[in-house]
Structures are given as C-alpha cells and as structure tokens.
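Counting starts at 1 for both ligands and their atoms, in listed order.
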Amino acid sequence: MNKTYKICILPGDGIGTDIIEEGKKVLQRVAEKSGIKLDLEEGLIGGIAYDKEGTPFPQDTWEKVKDADAVLLGAVGGPKWDCLPRDKKPEKALLELRKGLNVYLNLRPVKIFPFLAGMSPIKNIANGEITPDLVIARELSSGIYYGEPKDQTGSGDNREAVDTMRYTYEEIERITRKAFELAKNRSGKVTSVDKANVLASSGLWRDVVNEISNDYPDVELDHILVDNCAMQVVLNPQDFDVMLCPNMFGDIISDLASVLPGSIGLMPSASLGEGRKGLYEPVHGSAPDIAGQGKANPLATILSVAMLLEMTLGLGDEARTVEKAVYDVLNEGYRTHDLYYDEKKETLVSTQEMGDLITDRIV
Ligand code: IPM
Ligand code: MN
C-alpha cells in the first residue's frame, strides 16, 4: 500500500490565506495525478491564532506540525499585532516553529525567468546581459534571532534594550557542510557572508567555514563582508552561486536578492534539518494591504510546493512538472498584479486564476 504523507498547512495572516489556497490546489492535483496519498491538516499560526486562542503558536498547531512529514506555511504578522509584547507577536510563532523543527538550513533560490527579465530594476539583467542563478543558504535556528534578549528597561532617555548573537562550532559546521554539498551539485562555489572585521561570532563563523572547507577540495570558497555583499549582490549577482549566511544577514540579503528576478512574489524557500522533514514557505511577508483582493502572487508558494515535492517527498519529476507549469504560464504572458506592466503583451490574472492556470497544466 502507498504511504500517506501528512502535510500540515499553516496559512497564517494577510495574503497567507490567499496564496496557501493556491498551493493546496497544486498539491492536491499532483497527488491525484501521481497516485500519492496526501493528508492535509490545517492549523492556526500567527496573529489569527493569537486572536482566536490567545497565543500565536497554539499547542494544537505544534501537535499537527510534529505529526506531519512537511509543513507548508503562508505568512505571519501585520500592523494589527505590532503593539503586542515580543512573546505574543505573530513572528515569535514562526521562530518557535523553525526552532522546534530544528530546520537550520533555509534555502532561498533566486532564478531569473528570461521573459520577466524586463521586470528587473537591475540594468544588465533587464537587458539580458546576465542571468544570475544563486541560492541563499541562510542559517535559520540560531544567531541573533535566538539570543538572550533583554526587553526595554529604564525610562525616557535612559531606556535600553539588548540582543545577543551567539554561534557555536556545531551550528556553523552543520550548515557549512550542507552549503558545500549543495555547491558540489551546482557551479562549485560557496561565498560565506559575515562581519568578521567587527563581530566575534563572525570571527568564529569564518574560522569554522575555512576549516570545514578543507573537506571539500573541489568547491571554491570566498568570504565577503555583509555590507560589501549587499552592494555586490545587486551590482554583480552573477558572481554568486551558494551564499552561506548567518541568520540575520541571510534575512537581509534575501530581500536584496529578491529584486533581481523583479518580484519577491517569485521567491520560494525550503527549510531543512537532518532528515527529510521540511518547512516550506514563500520568502515574502503577509502584505496585509493587498490581502483578500486577488492581487497576491501565489507563485512563490507554488514553487515552494515544488521544493516540498522534491525535498521531502522525493518526487523530483512532479516538482519539475510544477516548475514547468509556472514557466509556461508566465511565458504565455499571464501576470499577477506585481508582475503586470504591459497590457498589449500580458494578461492580468487574480491570485486564484493564477493558481487555476498552474493546476490545469498538471496533467
Ligand atoms: C523571513 C521573515 C521572517 C524572518 C520574519 C517574519 C520573522 O522576514 O522569513 O524572511 O525574519 O526570518
Ligand atoms: Mn525576511
């Protein structure tokens, strides 16, 4: 008998609901066509969970997550919950989820679709001179996001607050090995991003990356300071392949790199630990200003579904089918709001219509 895969679906807040609907459609169609059995379990997370249950990450959600083979998440957060204490904020749930799953490797591929190159604000991408293809390997379960913060104390101009950034050898080693393994199957180059000229934790980061690199003689290694990296990733994106980043630097560099393909609405991600279990989510946020209006681009989520199929379920062919559907639909000129700029050549479609177009091509 076929194994039934359990997928935990966490729509979250804002456009999270809109895009997850489309991701689910694609998953279900792939299951129908390929004969795999999926059991989709929905859970509450983020601001909506806080509103309904008084906590952004209810125990019931964690049980569902624990039980699942993979988790597909929309987005969390919004101005409605900004005034909550740090521990109740929607974002806290996401951090707990990542930590709880121990998914320390966050992969964020950045690819250019040739027929969308014109959308890129980067001149030499827009004119077809370069077609960068890189992947950010962001450390996701440690660093400054998981330090020992001290919330504000004092009053008036005496107030202070503290965050701490700590990395251990083991935390750096495990993600470094994953980054080098990945590079072996790509162009064979790792660029490690740090601030080793200032930060102690970055000094250790650089030392450990250098040590581990000795085990991968076929992979080229470069180090770059994060400030310079921010400049180079937009000036010379073609120079990068695997970008190995500590947690917060990876967060910032991802948003920078998302301008390359022309919209953050195209950027999927996969977060993995030791096994096959993974957390899949678009790189973009909850965009409350366009929620429920059919304007959100579901392709980042649908491409995250492709990553789920490949990395957790081992269905590489099915993943390619989903990616090809995305490629074809865009190539035919269908555009969601974020990508629409030429009424003569393009057809504007809603979030749902885009989801249907992709689903219909999975045959
Ligand atoms: C991301 C987001 C999250 C992060 C937020 C929502 C906590 O910006 O996934 O990039 O900072 O990791
Ligand atoms: Mn981010």
* Does some side-chain heavy atom of Trp81 sit less than 4.5 Å from a side-chain heavy atom of Lys89? ->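 Of all side-chain heavy-atom pairs linking Trp81 with Lys89, none is under 4.5 Å.
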* Side chain to side chain, Leu107 and Ser271, heavy atoms closer than 4.5 Å ->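 SC-SC contact between Leu107 and Ser271 ruled out.
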Does ligand 1 have an atom that lies less than 4.0 angstrom from a heavy atom of [X]?
X      : result
Met267 : no
Arg98  : yes
Lys92  : no

* **Of the listed options Leu73, Asp251, Leu95, closest to atom 2 (C) of ligand 1 (non-hydrogen atoms)** =>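 When every heavy atom of Leu73, Asp251, Leu95 is considered, Asp251 comes closest to atom 2 (C) of ligand 1.
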* With respect to atom 1 (C) of ligand 1, which of Arg108, His284, Met248 exhibits the smallest heavy-atom separation? ->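 Ranked by closest heavy atom to atom 1 (C) of ligand 1, first place is Arg108.
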* **Metal site the Mn ion (ligand 2): N/O/S of Asp251 inside 2.8 Å** =>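 Given the 2.8 Å cut-off, Asp251 counts as a ligand of the Mn ion (ligand 2).
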Do [X] and [Y] sit within salt-bridge range, that is, some charged N less than 4.0 Å from a carboxylate O?
X      : Y      : value
Glu21  : Lys24  : yes
Asp151 : Arg86  : yes
Arg186 : Asp133 : yes

* Val198-Ile172 co-clustered via ILVMFWY side chain contacts under 4.5 Å ->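 The answer is no; the residues belong to distinct hydrophobic clusters.
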* Which residue supplies the protein heavy atom nearest to atom 11 (O) of ligand 1, what is that atom called, and how far is it? ->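 Checked against all protein heavy atoms, atom 11 (O) of ligand 1 sits closest to Tyr145 OH, 2.6 Å.
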